[in-house]
Amino acid sequence: MATPWSGTAVLLAEVRVHRGVPAPFLADGPYDLIALDLGGLRFLTRWASRPATPIRGQACTLRWGEIHGTPWPLAHALQAQTTFVTSPRRRVLP
């Protein structure tokens, strides 16, 4: 059963993909995949627009966007000072 979620996601990691993806996605490449922590749930997605310097622990929101005409939740970075992570399970707010 799907459960609605609202809140702030936290950036855990980012990786740049250069090859090994289906042909339709090669036109986008290279592209970044990011891992987010949604309060205990880990989620992989892409940036809606990549910040100049993503920082581990950076707060993000998810909003619906499109990738090749398919709806997809994309990450939008918030101010880097909003939330920092000291461990994957513990958040420290300024």
Side-chain angles (χ1 to χ4, degrees):
M1 174 191 315
T3 303
W5 174 84
S6 66
T8 303
V10 177
L11 178 64
L12 296 175
E14 177 183 43
V15 64
R16 180 154 289 176
V17 177
H18 291 274
R19 61 183 187 169
V21 296
F25 296 98
L26 288 176
D28 295 344
Y31 61 89
D32 300 302
L33 288 177
I34 58 173
L36 301 175
D37 180 353
L38 303 171
L41 174 68
R42 303 291 168 89
F43 189 79
L44 290 175
T45 191
R46 291 170 60 177
W47 290 112
S49 62
R50 185 181 185 274
T53 54
I55 302 167
R56 184 171 189 241
Q58 184 169 2
C60 304
T61 61
L62 291 174
R63 290 186 234 145
W64 286 102
E66 281 192 7
I67 298 177
H68 297 284
T70 302
W72 195 260
L74 299 173
H76 297 261
L78 299 175
Q79 295 294 329
Q81 295 80 13
T82 304
T83 304
F84 290 93
V85 173
T86 56
S87 74
R89 301 244 183 240
R90 183 172 168 233
R91 291 190 190 146
V92 178
L93 299 176

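Because the structure is a prediction, the values reported are computed rather than measured. Keep in mind that the numbers below use all heavy atoms, side chains included, and drop hydrogens, waters and symmetry copies.
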Quiz item: If you take all heavy atoms of Ala77 and Pro51, which pair is closest and at what distance?
Solution: CB-CG, 3.8 Å
Practice problem: State which residues pass side chain to side chain contact (heavy atoms under 4.5 Å, CB included) with Leu33; sequence neighbours excluded, sorted by chain then number. | Solution: Val15, Val17, Tyr31, Arg46
Practice problem: Using a 4.5 Å cut-off on heavy atoms from C-beta on, say whether the side chain of Thr61 contacts that of Leu78. | Solution: yes
Quiz prompt | Exercise: identify the closest heavy-atom pair between Leu38 and Ala9 | solution = CD2-CB, 3.3 Å
Quiz item: Of the non-hydrogen atoms in Pro54 and Leu11, which two are nearest, and what is the gap between them?
Solution: CB-CD2, 3.9 Å
Quiz item: Hey, any chance Phe43 and Trp64 share a hydrophobic cluster, counting ILVMFWY side chains that come within less than 4.5 Å of each other, even indirectly?
Solution: no
Exercise. Would you confirm whether Thr45, through its side chain, and Pro73, through its main-chain N or O, come within 3.5 Å as a donor-acceptor pair?
Key: yes
Practice problem: Please say which of Leu44, Val10, Leu12, Leu62 ends up in a side-chain contact (heavy atoms from CB on, under 4.5 Å) with Leu36. | Solution: Leu62
Exercise. Specify the closest pair of heavy atoms between His76 and Ala48, including all atoms of both residues, with the distance to one decimal.
Key: CE1-CB, 3.2 Å
Exercise. With sequence neighbours excluded, tell me which residues meet side chain to side chain contact (heavy atoms under 4.5 Å, CB included) with Arg16.
Key: His18, Pro30, Asp32, Arg50
